[in-house]
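Below is one structure, written out as structure tokens; comments come after it.
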Amino acid sequence: MNLVWVVSILIICIPGSTEGASRPAAVNVGAMCTVGTINGRVSKIAIEAAVNDVNSDPTILGGTKLSITFHDSNFSGFLGIIGALKFMESDTVAIIGPQTAVMAHVLSHLANELHVPLLSFTALDPTLSSLQYPYFVQTAPNDLFQMAAIAEMVSYFGWTEVAAIFTDDDSGRNGVAALGDKLAEKRHKICYKAALPPEPKATRDDVKNQLVMIRMMESRVIVLHTFAKSGLIVFDVAQELGMMESGYVWIATAWLSTVLDSTSPLSSKTANSIQGALTLRPHTPDSERKRAFISRWNKLSNGSIGLNPYGLYAYDTVWMLAHAINLLLDQGGTISFSNITSLGGPKGGGTVNLGALSIFHGGKQLLDNILQTNTTGLTGPLAFHPDRSPLNPAYDLINIIENGYQRIGYWSNYSGISVVPPETSSNRSTLNQHLHTVVWPGGTTVKPRGWVFPNNGKQLRIGVPNRVSYRDFVSRRNGTDIVEGYCIDIFLAAIKLLPYAVPYEFVLFGDGLKNPSYYDFVKMIASGKFDAAVGDIAIVTNRTKIADFTQPYIESGLVVVAPVRRLNSRAWAFLKPFSPLMWGVTAAFFLIIGLVMWILEHRINDEFRGPPRKQIVTILWFSFSTMFFAHRENTVSTLGRMVLIIWLFIVLIINSSYTASLTSMLTVQQLESPITGIDTLVTSTEPIGYQIGSFAQNYLVEELNIPRSRLVPLGSPEAYADALKKRTVAAVVDEKAYIELFLSENCMFSIRGQEFTKSGWGFAFPRDSPLAIDMSTAILTLSENGDLQKIHDKWLSRKTCAQTSDLISDQLQPQSFWGLYLICGIACLIALFIHFLLALRQFSRHSPEAEDQTEPSSHSRRTSRSARLHTFLSFIDEKADESKNNNKTKRKRKEMMVSNGKENCENDSRNISKRIQINNSQEIHNNADNDTWLTR
């Protein structure tokens with residue numbers, strides 16, 4: 001970029017003895033440059049070295065030689081153009097250059113007509129687009145990427161505004177415009193642009209005038225986009241003006257890194273003037289070829305000048321063009337020209353014959369070959385994107401320190417800011433998104449704030465609303481220009497906590513006859529009439545679109561206030577403490593407890609036995625008498641005692657709650673109103689009052705769709721009270737902070753319902769103002785150390801009426817006691833479960849049928865189950881002692897029956913034996929008689 005020179009490769013075909021496809025014997029290279037510049041001298045040496053290397057390798061151009069001729073433009077754009085025209089008269093196929101944007105814009109038009117490609121590595125104006133200038137090729141990253149890197153640095157350090165100093169030519173203006181675009185993408189901006197005369201015309205007076213203007217401004221971050229000579233003058237004058245001390249930030253574009261690389265050693269004056277500055281250097285990855293070329297440099301330059309990245313780009317550009325020419329010849333292309341006859345020759349003589357300018361027939365093919373380059377050079381990969389930008393643009397971020405400089409990180413188009421070299425990182429990893437420690441101007445490592453209050457003799461104009469009501473918040477003391485109030489005290493306390501002085505003056509806004517419009521008040525900041533606005537300013541959406549607000553210092557949403565009347569006691573007031581559902585649930589649990597106790601006590605407690613009518617009365621009496629702990633029945637069972645203890649505890653809680661609620665309702669003043677909140681107010685058709693100047697009007701109309709015809713503007717608390725008493729309005733909608741102050745003096749009114757918006761008050765500043773951030777921090781500090789509450793108590797502490805936002809006491813609901821009811825219910829279930837388990841066990845043990853297990857039929861089994869269930873219920877209904885006696889009686893009876901049965905069986909067996917014996921004796925006797933008869 002710091003080159004006012006044009007280097008041209010003039011390729012002239014020298015006819016050979018062969019025809020058609022034969023290669024030319026030599027290629028003449030013409031170069032135009034300003035040898036008095038750093039980049040001109042470095043690039044001249046690098047181009048000569050590249051031409052020698054190409055000629056020494058016959059494989060590059062197949063035996064064709066390059067011959068170089070230089071032309072010095074001597075800082076003159078006119079001489080540069082004339083030199084380029086002379087080369088174009090000599091059948092030039094390509095030009096390396098020009099090196100300034102001014103000449104590039106002019107010569108690109110000629111290149112379009114003559115089909116001569118232009119290759120430049122220092123004319124990096126972002127506006128030299130490929131659409132308008134198709135034959136212009138930038139072989140180094142243009143300034144758009146450099147400005148993107150600077151914008152990301154500004155964002156990284158948290159600054160919001162920068163001042164830009166630039167050379168007033170195409171390169172400077174367009175580069176700063178690109179910087180503005182990149183800053184805007186990150187919500188930053190250029191606050192001031194200081195233009196210097198084109199190189200080398202800038203004088204110390206020109207620079208001083210601009211720096212004095214910048215010193216009086218707010219921003220302390222300065223971007224310097226110039227050439228080497230002007231840039232060093234800027235730093236020298238800045239040091240004289242004390243602008244290289246702590247608090248300033250200087251970011252120079254790549255011109256400063258070329259000075260560091262190519263000028264050794266720097267003079268002590270120059271080295272001291274640039275300490276603490278940041279600069280960028282085009283990043284070129286390390287390689288063996290690069291190291292070999294660097295080792296050759298001292299010999300090539302005879303130690304006269306150091307090598308910088310643009311010397312590497314100059315070397316690669318020559319090789320890129322050589323490969324493209326070789327490819328053109330390999331493709332069978334010929335180098336041929338035809339003169340432009342339409343322009344004619346010069347009239348009246350002259351040395352430049354415009355009619356002799358030639359069109360290069362192979363220019364389009366050569367341009368395509370250049371753009372299709374895909375190789376590796378000293379600067380890394382040599383290739384182009386479709387938009388003709390080089391691959392992987394990247395920069396080293398340099399911090400100039402005492403006795404040298406240090407690399408604090410890298411920037412690339414793909415990885416952003418990082419401490420990792422771009423060739424090893426291809427994504428924006430948050431782990432690498434940081435920089436090494438920077439030594440800033442003044443030798444400090446503490447990051448500068450980046451801004452101060454303008455030193456232009458003006459104080460900050462702080463707007464203050466000239467209120468006519470609620471003057472405790474902000475007001476002007478009668479007969480003076482002194483403003484005071486709650487909001488003013490908070491602002492003054494926050495200002496004292498800032499680490500720097502803030503010159504300011506209060507300016508009243510409003511006519512003093514009515515409260516001003518706060519939206520118009522905030523608009524005065526956006527228009528520049530006020531530098532800030534202090535007062536009771538609600539932070540709402542439409543205001544945040546035109547200004548920045550601090551942290552809220554008080555919460556104040558919209559509420560509804562309405563007149564109320566005394567609520568007289570009625571005959572059934574004793575039912576009010578409980579809601580109907582609460583009464584129902586409580587009564588149900590009394591009955592449940594009575595039933596559970598009856599089940600647990602019935603078998604063992606005579607007081608829970610008797611006729612059915614008596615037992616029902618016992619259940620009801622016992623359950624409800626526990627309400628007063630007046631139950632007279634004794635509890636015998638352990639399970640019953642457990643349930644009763646839990647229930648009595650619950651009854652104690654219920655009684656206490658009922659007593660407290662009823663006492664409150666009968667002793668505290670009770671008020672009521674048909675307006676219960678914003679919902680009932682919206683659905684009604686009654687008029688609604690609002691404070692003049694408040695955002696309540698827009699909210700009611702735009703958000704709640706209330707017709708404007710229902711809204712009545714009111715200007716003071718007295719107007720509130722008068723309108724509410726006369727029923728001119730049904731209610732007033734205003735911010736809670738105002739209403740609380742109003743109610744402290746008007747006990748006939750009450751807040752109805754809850755806040756239906758959530759907002760707060762803050763101080764307003766212009767968009768992106770750094771003072772808003774510092775003031776927010778100060779307000780938070782006031783809140784943490786208690787000073788915010790002290791200021792509130794000083795101005796807003798009042799004796800308020802004994803009323804709340806809802807003056808009718810809330811009735812007690814079952815939700816308040818569900819835990820107790822749940823415990824009681826679980827205890828009852830557990831007790832019943834254990835009780836029935838024990839009963840079943842006793843029944844199975846003592847039931848007589850259980851011992852008589854036979855094989856019944858299916859019909860008999862069904863009959864047995866019914867009988868068994870009936871028996872079990874009878875067992876449950878019996879008293880425990882009777883059931884035991886009955887079981888004993890049945891058991892004895894059965895034992896007697898069994899023993900009697902055994903005796904009968906024995907008697908029967910003896911009788912049978914006797915009968916058998918008698919029968920046998922009779923039979924023997926008969927047989928004897930028969931034998932006697934037969935003998936006879």
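We number each residue from 1, following the sequence as shown. Note that these values count all heavy atoms, side chains included, but never hydrogens, waters or copies made by symmetry. Please read these numbers as outputs of a predicted model, since none were measured by experiment.
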Approximate separation, where rounding is to 0.5 Å, of Asn326 CG and Thr59 OG1 = 8.5 Å
For Ser338 and His361, which heavy atoms make the closest approach, and how far apart are they?
-> OG-NE2, 2.9 Å
Shortest non-hydrogen contact between Leu366 and Ile325, atoms and distance | CD1-N, 3.8 Å
Under 3.5 Å, is there a donor-acceptor pair linking the side chains of Asn399 and His436?
-> no
For side-chain contact (heavy atoms from CB on, under 4.5 Å), just list the numbers for Val51 and Val318, CA-CA rounded to whole Å, side-chain angles, deciding distance to a tenth of an Å, and then say yes or no.
-> CA-CA 7 Å; Val51 170; Val318 173; 4.2 Å; yes
Beyond-backbone contact of Gln99 with Tyr310, side-chain heavy atoms, under 4.5 angstrom | no
In short, Arg41 meets Val35 closest at the heavy-atom pair CG-O, 2.8 Å
Between Ser418 and Tyr410, is there a donor-acceptor pair closer than 3.5 Å when you use the side chain of the first and the backbone of the second?
-> no
Reported CG-to-CD distance for the pair Leu196 and Gln210, which is rounded to 0.5 angstrom = 6.0 Å
So, the side chain of Ser230 versus the backbone of Phe227: is there a donor-acceptor pair under 3.5 Å, distance only?
-> no
Spatial distance of atom CG (Asp396) from atom OG (Ser412) [nearest 0.5 Å] | 11.0 Å
Test item: Leu307 and Phe293 side chains (from C-beta on) under 4.5 Å apart, heavy atoms = yes
If you measure only the distance, is there a donor-acceptor pair under 3.5 Å linking the side chains of Asp368 and Gln365?
-> no
Do Trp297 and Val42 have side-chain heavy atoms sitting under 4.5 Å apart?
-> yes
Output all residues satisfying salt bridge (charged side-chain N to carboxylate O under 4.0 Å, His left out) with Arg296, sequence neighbours left out; order by chain, then residue number.
-> Asp53
Salt-bridge criterion met for Arg281 and Asp261 (N-O under 4.0 Å) | yes
Test Thr100 against Asp169 for side-chain contact (heavy atoms from CB on, under 4.5 Å), laying out the working first.
-> CA-CA 9 Å; Thr100 62; Asp169 59 9; over 6 Å; no
Just jot down the salt bridge (charged side-chain N to carboxylate O under 4.0 Å, His left out) partners of Lys290, sequence neighbours excluded, or say none.
-> none
Donor-acceptor contact below 3.5 Å, side chain Asn52 vs main chain Glu48 | yes
Could you check if a side-chain atom of Trp159 sits within less than 4.5 angstrom of a side-chain atom of Met153, using non-hydrogen atoms only?
-> no
Hey, what do you get for CG (Leu144) to OG (Ser389), rounding to the nearest 0.5 Å?
-> 9.0 Å
Start with the C-alpha gap between Leu266 and Val259, add the side-chain angles, then the distance that decides, and say whether side-chain contact (heavy atoms from CB on, under 4.5 Å) holds.
-> CA-CA 9 Å; Leu266 291 174; Val259 174; 3.9 Å; yes
Side-chain (Thr279) to main-chain (Ala252) donor-acceptor, under 3.5 angstrom | yes
Under 3.5 Å, is there a donor-acceptor pair between the side chain of Ser120 and the main chain of Gly97?
-> no
Could you tell me whether the side chain of Ser171 and the main chain of Ala101 form a donor-acceptor pair under 3.5 Å?
-> no
Examine distances only and state if a side-chain atom of Ser108 and a backbone atom of Ala104 form a donor-acceptor pair shorter than 3.5 Å.
-> yes
So, does Tyr156 use its side chain to make a donor-acceptor pair with the main chain of Leu435 at under 3.5 Å?
-> yes
Is there side-chain contact between Trp255 and Thr226, with at least one heavy-atom pair below 4.5 Å?
-> yes
Side-chain donor-acceptor pair present, Asn39, Thr122, cut-off under 3.5 Å | no
His283 side chain vs Trp411 backbone, donor-acceptor pair below 3.5 Å = no
Does a side-chain heavy-atom distance below 4.5 Å link Ile45 with Ile305?
-> yes
What distance do Leu278 atom CG and Ile398 atom CD1 have between them, rounded to the nearest 0.5 Å?
-> 9.5 Å
From the list Phe235, Trp250, Tyr405, side-chain contact (heavy atoms from CB on, under 4.5 Å) with Ile274 holds only for Phe235
Checking side-chain contact (heavy atoms from CB on, under 4.5 Å) for the pair Thr284/Leu378: CA distance, chi angles, key distance, verdict?
-> CA-CA 8 Å; Thr284 56; Leu378 300 182; over 6 Å; no
If every non-hydrogen atom of Pro134 is compared with every non-hydrogen atom of Asn112, which pair is closest and at what distance?
-> CD-OD1, 3.4 Å
Check Thr139 against Pro390 and note the closest heavy-atom contact, atom names and distance.
-> C-CG, 4.3 Å
How close do Pro197 and Thr167 get, heavy atom to heavy atom, and via which atoms?
-> O-CG2, 3.8 Å
How are the rings of Tyr414 and His385 set to each other: parallel, tilted or perpendicular (split at 30° and 60°)?
-> tilted
Look at the side chain of Asn308 and the backbone N and O of Gly311, then say whether any donor-acceptor pair between them is shorter than 3.5 Å.
-> yes
Do other residues, nucleotides or ligands put more than 12 heavy atoms under 6.0 Å from the CD atom of Gln331?
-> yes
Asp125-Thr127 side chain donor-acceptor pair, cut-off 3.5 Å | yes
Can you tell me how far OG1 of Thr258 sits from CG of Leu256, rounded to the nearest 0.5 angstrom?
-> 7.5 Å
Pairwise side-chain contact, Ile370 with Pro117, heavy-atom cut-off 4.5 Å (strictly under) = yes
Using a 4.5 Å cut-off on heavy atoms from C-beta on, say whether the side chain of Asp143 contacts that of Thr253.
-> no
Just checking, is any N or O donor in the side chain of Thr160 or Asp768 under 3.5 Å from an acceptor N or O on the other one?
-> no
